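Written out below as structure tokens is the structure these notes cover.
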Amino acid sequence: MKKLTVEVCIGTPCYLMGARELIDDMTELQNEYEDKIKFKTLHCIEERCENAPIVKIDGEIYEEMTPDKLREIILERI
Amino acid sequence: MAGNTVSEIVKIKRKIYIELAKQVLNNEIENKISKIPFKIAKEDGERYRCCVHKERAIIEERIKLVLGFDPKLHKNEKPVDLLKKRGQEDCCDNIVNVIELACDSCPIDKYTVTDSCRNCVAHKCVNTCPVDAIVTIQNKAFIDQKKCIECGKCREVCPYGAIHENIRPCVRACSVDALTSNSERKAKIDYEKCVDCGSCIRACPFGAISDSTEIVNVCRTIQKGKRNITALLAPSFVGQFGAKVKPEILKSALKEIGFDEVIEVGLGADLVAVEESQELKEKIMEDDFLLSSCCPSFKKTVQKHFEELKPKISKTVSPMVKIAEKVKEDTGNKTVFIGPCISKKAESCKYDSVDHVLTFEELMCIMVAAEMNLASYEKKEGIKDSSSHGRQFAFSGGLSKVMEDLTEKEIKTVKGNGLDECQKLLNEIMTGETEIDFMEGMACQGGCAGGPANLNKSKVTKKLVELFSNQAEYKRADQNEYTA
């Protein structure tokens, strides 16, 4: 099965708006679902910094992400 | 504290910082400052208060405080008016302030009876109340709040645990009992008692307590390109700006956004360590003891709450002041201390050598405003001002370890990790229950690594600082070429 690609932006604006918490959460999720998720970090996602933090899931962009929202979306899609 | 989570309150605060910094850097603050509340609280955005107008009004109050004005004293003025007043009028004397409009006036009835009350036969609560404030009404105990003296005895004796103790988050967070409430039940800070630690700021879930900043001042200075400005980086800076942002990258990036020089406050800590260990040796010879002076909130706690011990505080200035004095002497540059601390803002007011204080959080907002993306920035510049000793000042236990190394004696040290523990130890020292040579007092749990304006988890910061400390060219403070 194809893995779900999750890309979290760790650029400075996203980091300031909580990207670190998203990464902590993703690391946890990836450990749990190793065969289903591919997790990467990016330096900037299409300059959407105004609505940080930004996450890309299988190419689809999500703005103003929170750990809870991210978990919900991922669990739904795997 | 186990890492500062980025709550909605924190996000709003950071958005305000970024907008203000952007406007200063783009030279448009006078024209655009009034638009910030509209940009942040959008008509269709998430809402936490009754209406968008209140959201915006609160943001306006926050802006006043960011500019350095107490919103309580400038109720009828707009941020744009205050902007003009800057420089003419002294900004707020107190760093930590209540934004009354944002305060929810949480209930202050300290004890209430919950539904767990069984109206039991023994009714110990009624019997134990020293002021007869408890009666039974409709099969349940009831506390007459007019009579209640908040002694808590009823709560202790109730076999069902049916009596609830209601403490406001700000009051609970304050270790020095500095939080009370005014006649409108809004939070009020007793500045005779407050030690600027910032615990209440972190505790309030409405974001109704906040600190004034110097963001606008600093941005004006770096924007003018005067370039006579030195950044003083507090020892806990390692890893604050992202796991991959190495100290060398940060130094280079700071220069890119307008700082002329960057220096580790760890060097100031080295100088302090040498001086303070000498002071300690003398004290031990006199059969006396010493209290550390580098944490301003600890120092204030002793000054305000343990007056008898005041003479025992080390006369050595803090690492921030030490390094600022050195920079002034060597270069004449403006100095900007950058750290995890709110209390340093208050401390800096007493010393001409420190021109401005920023927190890590505030600096990172300025970075965003300056469109500096540290994640993709690759330039590096070596940073090696401090010895291993100086860098260890960042976490609880570091300073006392340095003192043990430098005095080269068996010394009796205790460390107060957090204000509660500090006060407990100070009490024991006063009564003679604990005998010491040296006490290290840090108001924040974990030391500066656990400070209120940290961007990373305290434990992670400690680890990264330890790694960085091991990489230092010199092991001991007295080996550093500037102290030797």
Side-chain angles (χ1 to χ4, degrees), chain A residues 5-34 37-76, chain B residues 2-19 21-22 36 39-40 42 44-46 239-245 249-250 253-254 256-257 359-378 453-461 464:
Chain A
T5 308
V6 183
E7 295 165 297
V8 177
C9 178
I10 53 160
T12 300
C14 288
Y15 184 85
L16 194 57
M17 289 299 166
R20 190 179 47 88
E21 286 167 36
L22 299 177
I23 290 167
D24 289 351
D25 233 46
M26 276 315 300
T27 316
E28 229 172 78
L29 273 172
Q30 202 189 19
N31 288 338
E32 222 173 302
Y33 302 98
E34 217 179 317
I37 302 172
K38 195 170 139 200
F39 163 52
K40 285 200 288 193
T41 57
L42 292 177
H43 291 165
C44 192
I45 299 177
E46 293 183 16
E47 292 182 15
R48 298 215 191 179
C49 319
E50 290 256 320
N51 299 317
I54 311 290
V55 175
K56 216 176 188 179
I57 302 172
D58 266 354
E60 200 178 328
I61 292 177
Y62 292 85
E63 297 178 335
E64 294 182 355
M65 190 51 82
T66 64
D68 289 348
K69 265 201 264 174
L70 183 61
R71 188 170 271 266
E72 201 185 304
I73 297 169
I74 289 173
L75 292 181
E76 212 169 83
Chain B
N4 303 334
T5 52
V6 186
S7 66
E8 289 310 306
I9 289 294
V10 171
K11 284 183 190 170
I12 291 173
K13 183 171 161 183
R14 291 181 184 174
K15 281 181 188 168
I16 294 172
Y17 289 175
I18 294 170
E19 285 306 317
K22 248 190 223 168
I36 295 176
K39 189 168 179 194
I40 293 174
K42 298 195 180 84
D44 55 353
E46 288 206 50
Q240 293 290 344
F241 302 89
K244 288 176 185 161
V245 183
I249 293 178
L250 182 70
L254 279 166
E256 180 97 28
I257 65 165
T359 63
F360 294 138
E361 183 183 34
E362 290 157 10
L363 173 68
M364 205 166 189
C365 292
I366 294 176
M367 294 257 184
V368 171
E371 293 179 7
M372 163 58 69
N373 187 353
L374 291 162
S376 54
Y377 193 74
E378 282 169 348
N454 271 306
L455 296 164
N456 212 340
K457 290 178 187 160
S458 164
K459 274 188 189 154
V460 179
T461 302
L464 294 170

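What you see below is based on every heavy atom in this structure, not just the backbone, and it leaves out hydrogens, waters and symmetry mates. Lettering of chains follows the sequences in order, A, B, ..., and the numbering in each one begins at 1. This structure is a prediction, so every number in the text was calculated from the model and none was measured.
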Side chain, backbone, both or neither of B:F241 within contact of chain A (heavy atoms, under 4.5 Å): backbone
Side-chain donor-acceptor pairs of residues 8-19 of chain A under 3.5 Å, sequence neighbours excluded:
residue, atom, partner, partner atom, Å
A:T12, OG1, B:L374, N, 2.8
A:Y15, OH, B:Q240, O, 3.3

The salt bridge (Lys or Arg N to Asp or Glu O under 4.0 Å) partners of B:K39 (sequence neighbours excluded) come to A:E50, B:E19
For A:E72, the salt bridge (Lys or Arg N to Asp or Glu O under 4.0 Å) test, sequence neighbours excluded, returns none
Give a yes or no on whether A:E32 atom CD has more than 12 heavy-atom contacts from other residues, nucleotides or ligands under 6.0 Å away. yes
Using side-chain heavy atoms (C-beta onward) and a distance below 4.5 Å, is B:N373 in contact with A:C44? yes
Using non-hydrogen atoms and a 4.5 Å limit, figure out which bit of B:K15 sits close to chain A: side chain, backbone, both or neither. both
Residues 56-65 of chain A vs chain B, non-hydrogen distance cutoff under 4.5 Å, contacting residues -> A:E64, A:M65
Looking only at B:M364, B:M367, B:M372, B:E371, most heavy-atom pairs under 4.5 Å shared with chain A are made by B:M364
Got B:K244 and A:T41 here, is their nearest side-chain heavy-atom distance under 4.5 Å? yes
